[in-house]
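The next block holds one structure in the form of structure tokens; read it before the comments.
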Amino acid sequence: MFFYLAFVASGSLGGLIAITQLIGALANPARAADVPEILKGLSIDVAAVSLFAFLYSRENKAKNAQLARLSREESLSNLKLRVDEKKIISVNNLRGIARLVICSGPASYIMESFKRSEPFTESLLERGVLVVSFTTDGNIPSFEFEESEEMKEFTRKRKRLWQLTPVYVSEWSKWLDEQKRTAGISPESPVYLSLRLDGRVRGSGVGYPPWNAFVAQLPPVKGIWSGLLDGMDGRVL
């Protein structure tokens, strides 16, 4: 960006000199033959200034977007989650451990997301996915679990997948509202956000989370695929 500014300054200076020469040539009929050459040099200067000004503007916008993204992720990392009745952690504590999927909407939306995740429970846990359910209508979703002896292990996994709940709701609401406003989404729209292992946002959308897509796209966090594919969570949004 420093060199872009230097080139803009250099081109502007060259253009100023060319304009001065052009005025002198136009005022002196004896130098009329120099006008085409001066105009050629002036056009090169103008083109150079325009090009490097455009490149600088593009880099500056990219820098501002990156800073906004970092600020967003830093704010997210400080939000609190309840693991159980006795344990509260921050989102940052799960970096490198879990891929969070944040579901935000009315209780009915949370319940439907819960039901749709059932066939993918084991595969999602193998990929380190944990769900954060944030209700926006003040109602508490009532998750139903099969308590029979045969389903004991599966029920344990279902509870683990959906065990995280937000603490300090106003802070979560403020953060999610900012993301919706930035994306041009209605504040009332139910949304989901999926995070990478490093805590950065990898995907988001309006509606129900695509559990099948998460299973297809994300590598397991244990076994021969761990470590090598940790960076394959997807691009950062």
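For an aromatic pair to be called close, the ring centres must be under 6.0 Å apart, and Tyr4 with Tyr56 fails this.
There is a path of hydrophobic side-chain contacts, each under 4.5 Å, that joins Val83 to Val132. Leu195 and Phe134 fall within a single hydrophobic cluster, where Ile, Leu, Val, Met, Phe, Trp and Tyr are joined by side-chain heavy atoms under 4.5 Å apart, directly or via other members. Cluster annotation: Leu164 is connected to Val169 through the hydrophobic network of ILVMFWY side chains, with a link wherever side-chain heavy atoms come within less than 4.5 Å. Following chains of ILVMFWY side-chain contacts shorter than 4.5 Å, one can reach Val129 starting from Val215, so the two form part of one hydrophobic cluster. In the hydrophobic clustering of ILVMFWY residues, with side-chain heavy atoms under 4.5 Å counting as a link, Ile88 and Trp175 come out apart.
Remark: Glu59 CD to Phe3 CZ distance equals 13.5 Å, nearest 0.5 Å. From Ser12, atom OG reaches atom CG of Leu16 across 8.5 Å, with rounding to the nearest 0.5 Å. Taking SG of Cys103 as the start and CZ of Arg116 as the end, the distance is 11.0 Å to the nearest 0.5 Å. In this structure, OG in Ser186 is found 12.5 Å from CZ in Arg181, a value given to the nearest 0.5 Å. For the atom pair Leu55 CG and Leu5 CG, the distance stands at 11.5 Å (nearest 0.5 Å). In this structure, Lys87 NZ and Asn93 CG are separated by 8.0 Å, a value rounded to the nearest 0.5 Å.
Scanning both residues, Leu176 and Ser104, for their nearest heavy atoms gives CD1-OG, 3.5 Å. Ala98 and Leu130 make their closest contact through CB-CD1, 3.8 Å (heavy atoms, listed as atom of the first residue, atom of the second, distance). Nearest heavy atom pair, residue Pro141 against residue Ile110, reads CG-CG2, 3.9 Å. Closest non-hydrogen pair, Leu193 versus Ser204, comes out as CG-CB, 4.0 Å. Across Tyr109 and Val191, no two heavy atoms sit closer than the pair OH-O, 3.2 Å. Minimum heavy-atom separation, Val206 to Ser189: CG1-CB, 4.2 Å.
In this structure, Asp137 contributes its side chain and Gly105 its backbone to no donor-acceptor pair below 3.5 Å. The backbone N or O of Ser194 lies less than 3.5 Å from no partner atom in the side chain of Arg99, so there is not a single donor-acceptor pair. At distances below 3.5 Å, at least one donor-acceptor pair connects side-chain atoms of Arg127 with backbone N or O atoms of Ser123. No side-chain donor-acceptor contact under 3.5 Å links Ser10 to the backbone of Ala6. In terms of modelled atom types and a separation under 3.5 Å, the side chain of Trp172 and the main chain of Leu76 share no donor-acceptor contact. Looking only at distances, a side-chain donor or acceptor of Ser77 sits under 3.5 Å from a matching main-chain atom of Glu74. The backbone N or O of Glu178 lies less than 3.5 Å from a partner atom in the side chain of Thr182, making a donor-acceptor pair. Between the side chain of Lys80 and the backbone N or O of Ile89 there is no donor-acceptor pair closer than 3.5 Å.
Looking only at side-chain heavy atoms (C-beta outward), Ile102 and Tyr192 stay at 4.5 Å or farther from each other. Inter-residue side-chain proximity for Lys159 and Phe143 is flagged as unmet; no heavy-atom pair is nearer than 4.5 Å. Within the 4.5 Å cutoff, the side chain of Pro106 has heavy atoms near those of the Thr136 side chain. Residues Leu81 and Val167 form no side-chain contact, since every pair of their non-hydrogen atoms from C-beta on lies 4.5 Å or further apart. Contact annotation: the side chain of Glu112 approaches that of Tyr208 to within less than 4.5 Å [non-hydrogen atoms, C-beta and beyond].
Remark: the Thr165 side chain and the Arg82 side chain contain no N/O donor-acceptor pair separated by less than 3.5 Å. Between the side chains of Ser57 and Asn60, no donor-acceptor pair is found at a separation under 3.5 Å. Defined by atom type and a distance below 3.5 Å, a donor-acceptor pair is present between the side-chain atoms of Gln217 and Arg202. Ser117 and Trp162 form a side-chain donor-acceptor contact under 3.5 Å, judged by distance and modelled atom types alone.
Counting non-hydrogen atoms of neighbouring residues, nucleotides and ligands closer than 6.0 angstrom, the CD atom of Glu144 reaches no more than 12 such neighbours. Ile140 CD1: 12 or fewer foreign heavy atoms inside a 6.0 Å radius. Within 6.0 Å of atom CD in Glu37, 12 or fewer heavy atoms from other residues, nucleotides or ligands are found, so the atom counts as exposed in its surroundings.
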**Message:** Apply side chain to side chain contact (heavy atoms under 4.5 Å, CB included) to residues Arg156 and Lys152 and explain how you reach the verdict.
**Reply:** CA-CA 6 Å; Arg156 183 187 66 82; Lys152 184 177 180 180; 6.0 Å; no
**Message:** One pair to check against side chain to side chain contact (heavy atoms under 4.5 Å, CB included): Glu118 and Trp211. What are the steps and the verdict?
**Reply:** CA-CA 9 Å; Glu118 183 173 2; Trp211 304 116; over 6 Å; no
**Request:** Quick one: do Leu79 and Tyr168 satisfy side chain to side chain contact (heavy atoms under 4.5 Å, CB included)? Show the steps, please.
**Result:** CA-CA 8 Å; Leu79 296 178; Tyr168 307 126; over 6 Å; no
**Request:** Evaluate the side chain to side chain contact (heavy atoms under 4.5 Å, CB included) criterion for residues Leu100 and Val91: first the C-alpha distance (whole Å), next the side-chain angles of each, then the deciding distance (0.1 Å), finally the verdict.
**Result:** CA-CA 9 Å; Leu100 298 184; Val91 172; 3.8 Å; yes
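Residues passing the ring-ring contact (aromatic ring centres under 6.0 Å, His included) test with Phe145 are Phe114, sequence neighbours excluded.
Salt bridge absent: Lys174 and Glu171 never bring a charged side-chain N and a carboxylate O closer than 4.0 Å. Asp198 and Arg200 are joined by a salt bridge, as a carboxylate oxygen and a charged side-chain nitrogen come within less than 4.0 angstrom of each other.
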